[in-house]
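Fair warning: this is a prediction, and the values are worked out from it, not measured in the lab. What you see below is based on every heavy atom in this structure, not just the backbone, and it leaves out hydrogens, waters and symmetry mates. One-based numbering along the sequence shown.
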Amino acid sequence: MSETSSPHRGLTRRGFLKASGVAAGALGLAGAASMTTSDGWLAPAKAYAEPEERVAHLCHQFHCLTGCNLKCTIRDERVALIEPSDLVDETHRTICLRGINEVAHIYSQDRLQTPLRRVGERGEGKFEQISWDEAIKAIADAFKESQQKYGENSVFVRKSTEASIGFDFIGALLRADQGGEWGLDRGQPNGQTPAFGAFSYCPSRSIWEFSDASTIIEVGHNPLESGIVWSRALMDAKEAGVYIAVLDPRFSGTASKADLWLPVRPGTDAAVIQGMIRAIVDEQWYDEEFVKANTSLPFLIDKKTGKNYRSDDELCPNPTVVTAEDTGKPYVWDEVTNAPALYDAEGVKPALEGSWTVDGKELVTEFSLMKKWISEYSLEWASETSGIEQDVIVDLADRYANNGPAIIDYGLGGPDKYTNADVLGHSMSILTALTGNYGRKGSGFGFYGGVGADDPAATLNYWTLPEEYAYNDSGMAMYDMVYNKNNIHVALTFGDAFTLEAASANDTLEWVKSLDFFAIIDIYHSSAVDYADIVLPACTKFECEEDVKQLRASYGHVMLANGMVDPLFESKSDLQIERLLAAEWGLDHLIPETYEELARFSVEGVDKLDPNMKGITYDALLKNGGCMPVAGAGPDYRPDGHADQVYTTPSTKIELYYEYLLDQGHQFPVYEDANEAFEKNPLKDTYPLYFMQGKSRYRIHAYYTASPWFQEDFGPCVNIFPSDAEARGIENGDSVKVFNDRGSFVCTARVNPALQPGVLFMAETTYTRYYQEGFLQNVTNSARNERCYEMFHGPQIPYNDTLVQIEKA
Ligand SMILES: Nc1nc2c(c(=O)[nH]1)N[C@H]1C(S)=C(S)[C@@H](COP(=O)(O)OP(=O)(O)OC[C@H]3O[C@@H](n4cnc5c(=O)[nH]c(N)nc54)[C@H](O)[C@@H]3O)O[C@H]1N2
Ligand SMILES: Nc1nc2c(c(=O)[nH]1)N[C@H]1C(S)=C(S)[C@@H](COP(=O)(O)OP(=O)(O)OC[C@H]3O[C@@H](n4cnc5c(=O)[nH]c(N)nc54)[C@H](O)[C@@H]3O)O[C@H]1N2
Ligand SMILES: [Mo]
């Protein structure tokens with residue numbers, strides 16, 4: 001076989017494949033067929049020269065939080081077949097339909113094919129084809145002009161999550177603003193962080209411990225669709241007899257497999273949790289030993305100020321002598337000496353309840369205040385607010401507290417996307433800590449799944465830029481830029497951040513239209529493309545100018561992807577696009593020249609740094625087809641997280657009293673209605689329906705919308721309960737208009753009994769071009785909760801906190 005026969009860069013591609021020992025068949029004369037869209041791709045095989053095949057691998061999309069290893073058959077320089085990789089161990093071979101469907105998706109009609117320049121109005125979607133040189137120059141000119149006129153920080157660069165995997169150079173090189181706090185997936189974490197420590201929403205124990213639990217409560221989490229490959233941990237648990245309860249306003253895929261479905265009213269989960277806490281406190285089902293030893297609930301509070309009684313100048317109680325290192329520490333009431341003592345003093349026996357007067361100050365324990373707080377939430381109230389029967393709440397509390405160990409696994413979709421999500425996070429923290437369901441085998445609380453919870457994290461090196469090149473964040477989040485004065489004049493996004501991540505699209509796009517210049521780099525004709533001045537076509541993960549593409553650690557393995565086919569049409573890889581841009585400022589020498597250089601750098605020396613990475617070097621990866629396991633990954637992965645009951649909070653205990661929110665009265669989580677989605681909202685007279693969104697198993701956010709296979713069956717559609725449909729004369733398949741004061745859209749109705757009356761459900765999100773009119777983001781809520789500006793992750797975008805009306809279009 002001739003080494004020179006590849007019309008592309010097959011020689012080097014082949015070099016990799018040969019070295020990796022996984023080449024299947026010959027790499028020979030590729031068919032003369034020019035690359036076309038799916039139509040061309042679906043042409044009969046006989047139209048091509050003799051089929052020539054090779055096998056290549058890649059680590060797939062990440063933002064379903066997995067990144068499967070796929071085995072692809074390349075025939076005539078086309079990706080022709082996709083299967084689970086046999087390079088990964090058995091337990092990591094589950095892949096989903098989205099991966100397999102890529103054989104059609106990457107050749108979709110809706111790929112961006114060439115650089116484009118806007119000719120019509122912004123939003124009109126009229127473009128002319130231009131060259132790469134013209135497009136890059138136009139972007140550089142606009143950026144340079146803006147930085148000269150308005151200052152360095154007048155430029156905005158943001159990479160969508162999926163587009164930022166592996167590297168993120170150009171924004172930092174240009175010292176751009178990237179839009180501050182993300183505003184996504186951190187609502188309940190906002191309420192959990194002060195209690196269990198930063199990033200405690202990522203559990204410190206494995207998802208494989210699900211089988212060791214007695215009870216699992218899924219709070220607005222639908223892993224059967226949003227975590228397809230790891231939901232087997234939940235199904236294993238089911239088979240092992242673990243009791244599974246699911247709180248979800250709709251009968252989700254996960255609810256359908258559970259022992260108990262709690263059809264909670266949207267935005268009211270905190271009422272259910274507070275009802276459970278009430279029952280647990282009333283019935284004394286809490287774990288007193290655990291609470292005393294591992295939480296802040298025995299800490300003393302000065303009743304007048306509401307602050308912890310601490311060893312600082314002002315509050316230092318006589319006659320205790322406080323050393324410098326103990327300054328600021330809280331006190332407990334010591335039952336041995338019958339006096340205040342530092343909470344961590346030797347031999348201290350803290351009282352859980354009581355009140356005492358010291359130095360003229362009235363002191364109580366946090367536990368006493370917690371009891372007072374929960375006494376204000378009755379079970380009748382919890383039931384009336386959430387729509388869940390009282391005895392169901394009490395039974396679940398009983399199970400959770402008395403039939404442990406138990407796990408609370410919450411979703412970062414559903415209940416996170418309301419303005420009151422932090423109240424829920426804080427409430428669940430109290431529930432967890434009261435019952436001691438943390439740091440013990442089969443217990444836990446957080447968002448389980450994805451990198452970290454099901455496999456050990458791998459260590460990779462990150463390519464750094466010289467210090468002076470860093471994002472120049474104004475501190476204002478992108479969702480605030482739409483509403484507040486700021487200095488942004490030009491923008492560049494990799495992916496459709498403006499239409500996918502921002503709610504209330506009419507507001508966002510008004511702001512986007514007001515910018516001097518906007519360029520987008522995307523693979524498909526996503527919703528934001530129509531608003532751009534310049535559009536650059538990026539290639540998919542399957543395509544590259546080189547033999548290798550990204551090196552990533554995911555799904556229990558380190559995977560070096562093959563650059564399996566040349567970039568389709570005129571598209572380029574993100575790295576080469578960033579290099580072209582950087583060159584306009586003479587800065588391209590600061591970033592890797594090739595994916596190979598980046599990959600080599602990423603694994604350089606990691607085998608010596610991290611025992612889990614033993615044996616993983618660039619050369620070893622090549623020998624192993626690009627894929628090697630991280631030691632310890634798989635169902636036997638059982639880290640002993642928090643067995644020591646030491647937390648990364650100031651006191652190292654689980655801190656449940658949020659002194660920093662005293663001004664707002666939220667030391668304990670005061671129940672709060674959602675911003676818009678609540679029963680007694682007068683707006684319900686006009687817009688009576690809750691509009692919830694969630695993940696679809698057929699998409700990763702908007703990605704795969706352009707797949708011809710999925711479009712046939714899974715275009716934009718809104719699910720409506722039969723009685724709501726009937727009342728409006730809506731039938732399955734009808735065109736319907738969904739609207740509120742923020743905007744409207746038209747799509748297909750799907751009449752679906754797996755909901756509750758008064759609630760609509762729609763899978764987020766799909767590109768505007770597939771709607772009959774508008775798109776879902778036109779109606780979603782962009783309110784920001786003031787309280788959350790003080791929180792670790794800032795306010796969160798409350799997409800689900802939305803009321804609408806619906807009618808036949
Ligand atoms: N297939 C697929 N998987 C994904 C993704 C994807 O795009 N596609 N995205 C990934 C990302 S970024 C994330 S954040 C995760 C999210 O993972 P999940 O949290 O599981 O995702 P969602 O489907 O958004 O929401 C879960 C459920 O919340 C319900 N829900 C809505 N409102 C409420 C409420 O008020 N209370 C309760 N209890 N439930 C409610 C919805 O009906 C839905 O079934 O998924 C990840 N996995
Ligand atoms: N209404 C509503 N909106 C929502 C949600 C909701 O529940 N309701 N959920 C939200 C959630 S949880 C999240 S995390 C966000 C997700 O929002 P993102 O983090 O932005 O989503 P991603 O899927 O990571 O990125 C998608 C974009 O990147 C592009 N892209 C993919 N791969 C590449 C690549 O390799 N290179 C380039 N240049 N582009 C690429 C895609 O074409 C697409 O435009 O969406 C949020 N939006
Ligand atoms: Mo997310």
Side-chain angles (χ1 to χ4, degrees), residues 62-63 136 139-140 142-186 198-199 460-498 500-502 508 511-512 515-522 528 532 534 536 538 550 574-575 577-592 598 601-602 789 791-797:
F62 156 82
H63 210 186
I136 294 288
I139 296 172
F143 269 62
K144 285 175 183 172
E145 192 185 329
S146 177
Q147 289 192 315
Q148 253 162 30
K149 243 166 120 176
Y150 305 108
E152 206 165 52
N153 65 358
S154 67
V155 303
F156 178 93
V157 175
R158 185 169 177 115
K159 290 185 114 180
S160 291
T161 310
E162 193 72 61
S164 69
I165 298 303
F167 57 89
D168 185 2
F169 300 127
I170 189 69
L173 286 175
L174 301 182
R175 299 191 189 87
D177 197 312
Q178 67 176 331
E181 284 294 348
W182 199 30
L184 291 165
D185 304 342
R186 305 288 182 267
F199 305 105
L460 294 178
N461 302 317
Y462 287 96
W463 186 287
T464 47
L465 298 172
E467 229 172 78
E468 64 267 38
Y469 298 106
Y471 274 102
N472 197 340
D473 270 322
S474 61
M476 191 184 288
M478 184 177 89
Y479 51 72
D480 271 338
M481 287 175 173
V482 176
Y483 301 102
N484 296 298
K485 204 169 143 31
N486 59 72
N487 190 38
I488 303 301
H489 287 82
V490 307
L492 170 69
T493 65
F494 290 74
D496 56 347
F498 289 146
L500 180 55
E501 294 174 40
T508 315
W511 175 67
V512 173
L515 298 174
D516 296 345
F517 178 84
F518 163 44
I520 189 168
I521 297 161
D522 211 327
I534 296 287
L536 297 179
Q550 242 144 318
D574 285 308
L575 182 63
I577 297 173
E578 291 214 13
R579 286 186 57 82
L580 285 176
L581 287 166
E584 293 291 312
W585 281 265
L587 297 173
D588 48 328
H589 63 284
L590 295 175
I591 61 184
L598 183 59
F601 173 83
S602 303
Y789 284 100
M791 298 190 166
F792 195 72
H793 302 286
Q796 300 296 299
I797 304 169

Of all the heavy-atom pairs spanning Asp522 and Gly495, show the shortest one and how long it is. OD2-CA, 3.5 Å
Leu174: partners by side chain to side chain contact (heavy atoms under 4.5 Å, CB included), with sequence neighbours left out: Phe143, Ile170, Trp585
Pairs touching residues 176-186 that satisfy salt bridge (charged side-chain N to carboxylate O under 4.0 Å, His left out), sequence neighbours left out: Asp185-Lys417
Rounded to the nearest 0.5 Å, what separates atom CG in Leu587 from atom CZ in Arg579? 11.0 Å
Rounding to 0.5 Å, atoms CD1 (Ile797) and CE (Met478) come to a distance of 6.5 Å
State, yes or no, whether a side-chain contact exists between Phe518 and Thr493 at a heavy-atom distance under 4.5 Å. yes
Test Glu145 against Phe517 for side chain to side chain contact (heavy atoms under 4.5 Å, CB included), laying out the working first. CA-CA 11 Å; Glu145 192 185 329; Phe517 178 84; over 6 Å; no
CG (Leu173) and CD1 (Ile591) are apart, to the nearest 0.5 Å, by 6.0 Å
Inter- and intrachain pairs under salt bridge (charged side-chain N to carboxylate O under 4.0 Å, His left out), touching residues 476-488, at least two apart: Asp480-Arg784
For the pair Ser154 (side chain) and His489 (backbone), establish whether a donor and an acceptor sit closer than 3.5 Å, ignoring hydrogens and angles. no
Audit row: Ile136, Leu581, side chain to side chain contact (heavy atoms under 4.5 Å, CB included) steps and yes/no: CA-CA 6 Å; Ile136 294 288; Leu581 287 166; 4.0 Å; yes
Say whether, by atom type as modelled, one donor and one acceptor occur between the side chain of Ser602 and the main chain of Leu598 under 3.5 angstrom. yes
Main-chain N/O of Gly794 paired to Gln796 side chain as donor or acceptor, under 3.5 Å: yes
Residue list, side chain to side chain donor-acceptor pair (under 3.5 Å) with Thr161, at least two apart or on another chain: none
Pairing residues for Phe156 by the ring pair (Phe, Tyr, Trp, His ring centres under 6.0 Å) criterion, not counting sequence neighbours: Phe498
Any idea which heavy atoms bring Gln550 and Gly166 closest together, and the distance? NE2-CA, 3.7 Å
Mind checking what makes side chain to side chain contact (heavy atoms under 4.5 Å, CB included) contact with Asn461, not counting sequence neighbours? Phe601, Glu604, Val606, Leu609
Could you work out, with side chain to side chain donor-acceptor pair (under 3.5 Å) as the rule, every residue matching Asn487, not counting sequence neighbours? Asn153
Closer than 3.5 angstrom, by distance alone: can the side chain of Arg158 be matched with the main-chain N or O of Gln178 as a donor-acceptor pair? yes
Can you list the residues that meet the side chain to side chain contact (heavy atoms under 4.5 Å, CB included) rule with Glu152, with sequence neighbours excluded? Gln147, Arg175, Asn472
Hits for side chain to side chain contact (heavy atoms under 4.5 Å, CB included) against Ala538, two or more places apart or cross-chain, chain-then-number order -> Ile521, Ile523, Asp574, Ile577
So, taking the atom named CD in Glu162 and the one named CG in Asp496, what distance separates them when rounded to the nearest 0.5 Å? 11.5 Å
Checking Glu584 now: which residues fulfil side chain to side chain donor-acceptor pair (under 3.5 Å) with it, not counting sequence neighbours? none
By side chain to side chain donor-acceptor pair (under 3.5 Å) - contacts of Ser160 (at least two apart): none
Salt bridge (charged side-chain N to carboxylate O under 4.0 Å, His left out) pairs, two or more places apart, involving residues 163-174: none
Rounded to the nearest 0.5 Å, what separation is found between the CG atom of Leu465 and the CZ atom of Phe167? 12.0 Å
Tightest non-hydrogen contact, residues Tyr479 and Pro795, listed as OH-O, 2.8 Å
